[in-house]
Amino acid sequence: MSSLISHVEIPVKDLEASKKFYEDLFGWEFKPFGNGYLLYNNHKGITVGLRKSDNIKAGDTTIFHITVSSIDMILERIKDAGGKVERNKTIIPVMGWYALIKDNSDNIIGLYQQH
């Protein structure tokens with residue numbers, strides 16, 4: 001498994017307006033994925049999510065997710081590398097797991113592990 005970007009998550013204030021924006025601009029067809037979340041899947045290993053956020057603030061920015069073979073291994077190494085765990089390993093039904101880490105500059109980076 002290579003460490004490539006597999007998912008990008010974009011916080012938006014208006015799901016429907018943002019859905020239309022990205023569909024009109026790039027042809028991405030978003031589908032509901034639960035809890036104020038829309039998902040576009042190109043079925044080639046890359047997905048884009050629109051996450052409803054009423055108040056987008058500093059630190060609530062676009063998050064990219066890196067495909068890794070073992071989230072647990074990365075989380076074990078994060079402190080020694082100078083980072084922090086932002087969200088522990090969490091299941092994504094049918095797809096796999098994700099976690100969020102902070103790098104040494106407090107940027108949030110997503111990790112993705114397939115089933």
Side-chain angles (χ1 to χ4, degrees):
M1 179 133 351
S2 61
S3 298
L4 295 175
I5 295 171
S6 57
H7 178 73
V8 175
E9 182 175 286
I10 304 169
V12 300
K13 292 182 179 178
D14 184 329
L15 278 174
E16 288 304 312
S18 295
K19 175 183 174 183
K20 182 174 177 5
F21 173 84
Y22 287 104
E23 285 179 352
D24 288 351
L25 198 60
F26 301 117
W28 297 347
E29 295 181 30
F30 288 90
K31 304 218 184 296
F33 201 69
N35 292 334
Y37 202 89
L38 299 175
L39 187 72
Y40 162 70
N41 187 343
N42 73 352
H43 301 286
K44 296 177 184 172
I46 298 174
T47 57
V48 177
L50 299 180
R51 175 177 42 88
K52 173 81 169 97
S53 182
D54 292 327
N55 186 16
I56 298 172
K57 56 191 180 295
D60 190 18
T61 58
T62 299
I63 298 172
F64 64 89
H65 293 69
I66 299 169
T67 301
V68 297
S69 59
S70 171
I71 287 175
D72 294 325
M73 181 181 69
I74 300 295
L75 296 182
E76 286 175 17
R77 298 182 354 205
I78 190 70
K79 283 186 182 178
D80 288 340
K84 302 172 195 153
V85 176
E86 179 72 9
R87 176 169 293 145
N88 281 310
K89 186 176 176 180
T90 304
I91 189 139
I92 306 169
V94 183
M95 298 179 77
W97 298 268
Y98 81 100
L100 300 176
I101 59 173
K102 279 191 174 181
D103 69 8
N104 58 348
S105 296
D106 285 338
N107 293 302
I108 296 176
I109 298 168
L111 305 174
Y112 173 69
Q113 178 183 334
Q114 292 179 324
H115 276 285

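Nothing here was measured: the structure is a model prediction, and the numbers come from that model.
For Glu23, the CD atom counts as densely surrounded, since its 6.0 Å shell holds more than 12 non-hydrogen atoms of other residues, nucleotides or ligands. Residue Asn35 qualifies as open at atom CG: its count of foreign heavy atoms under 6.0 Å is 12 or below. The environment of Lys84 atom NZ is sparse: at most 12 non-hydrogen atoms of other residues, nucleotides or ligands sit within 6.0 angstrom.
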Q. Given the rule in the side-chain contact (heavy atoms from CB on, under 4.5 Å) test, do Val12 and Asp14 qualify, once you have shown the distances and angles that lead to the verdict?
A. CA-CA 6 Å; Val12 300; Asp14 184 329; over 6 Å; no
Q.
Could you go through Val48 and Phe30, starting from their C-alpha distance and side-chain angles, then the distance that decides it, and tell me whether this counts as side-chain contact (heavy atoms from CB on, under 4.5 Å)?
A. CA-CA 8 Å; Val48 177; Phe30 288 90; 4.1 Å; yes
Q) Going through the distances and angles, do Met73 and Leu75 end up as a side-chain contact (heavy atoms from CB on, under 4.5 Å)? A) CA-CA 6 Å; Met73 181 181 69; Leu75 296 182; over 6 Å; no
Q: Check the pair Ile109, Phe64 against side-chain contact (heavy atoms from CB on, under 4.5 Å), reporting the backbone distance first and the verdict last.
A: CA-CA 6 Å; Ile109 298 168; Phe64 64 89; 4.0 Å; yes
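Using modelled atom types, no side-chain atom of Ser70 and backbone atom of Val68 make a donor-acceptor pair closer than 3.5 Å.
Atom OG of Ser18 is separated from atom NZ of Lys52 by 9.5 Å, given to the nearest 0.5 angstrom. Within the model, atoms NE2 of His65 and CG of Leu111 stand 8.0 Å from one another, a figure rounded to the nearest 0.5 Å. Taken from CD1 in Ile10 to OG in Ser53, the straight-line distance is 13.0 Å, to the nearest 0.5 Å. To the nearest 0.5 Å, atoms CD (Glu9) and CD1 (Ile108) are separated by 9.5 Å. Taking CD1 of Ile74 as the start and CD1 of Ile101 as the end, the distance is 7.0 Å to the nearest 0.5 Å. Note that CG of Leu39 and CH2 of Trp28 are 11.5 Å apart. Values are rounded to the nearest 0.5 Å.
Each of Ile92, Thr47, Leu38, Asn41 was scored for a side-chain contact (heavy atoms from CB on, under 4.5 Å) with Phe33, with one residue passing: Ile92. Results of the side-chain hydrogen bond (donor to acceptor under 3.5 Å, both in side chains) test with Tyr98 over Gln113, Arg87, Lys89 single out Arg87 as the only residue that passes.
Aromatic ring pairs are classed by plane angle as parallel below 30°, tilted from 30° to 60° and perpendicular above 60°; the pair Trp97 and His115 is tilted.
Residues Lys31 and Tyr40 fail the side-chain proximity criterion, which asks for heavy atoms closer than 4.5 Å. For the pair Ile66 and Ser6, the minimum side-chain heavy-atom distance is 4.5 Å or more. You'll find the side chain of His7 stays beyond 4.5 Å of the side chain of Tyr112, heavy atoms only.
Residues Ile5 and Ile46 share a closest heavy-atom pair of O-CG1, 4.2 Å. Between Ile71 and Ala99, the shortest heavy-atom contact is CG2-CB, 3.7 Å.
A salt bridge does not link Asp54 with Lys13: every distance from a Lys NZ or Arg NE/NH1/NH2 to an Asp or Glu carboxylate oxygen is 4.0 Å or more.
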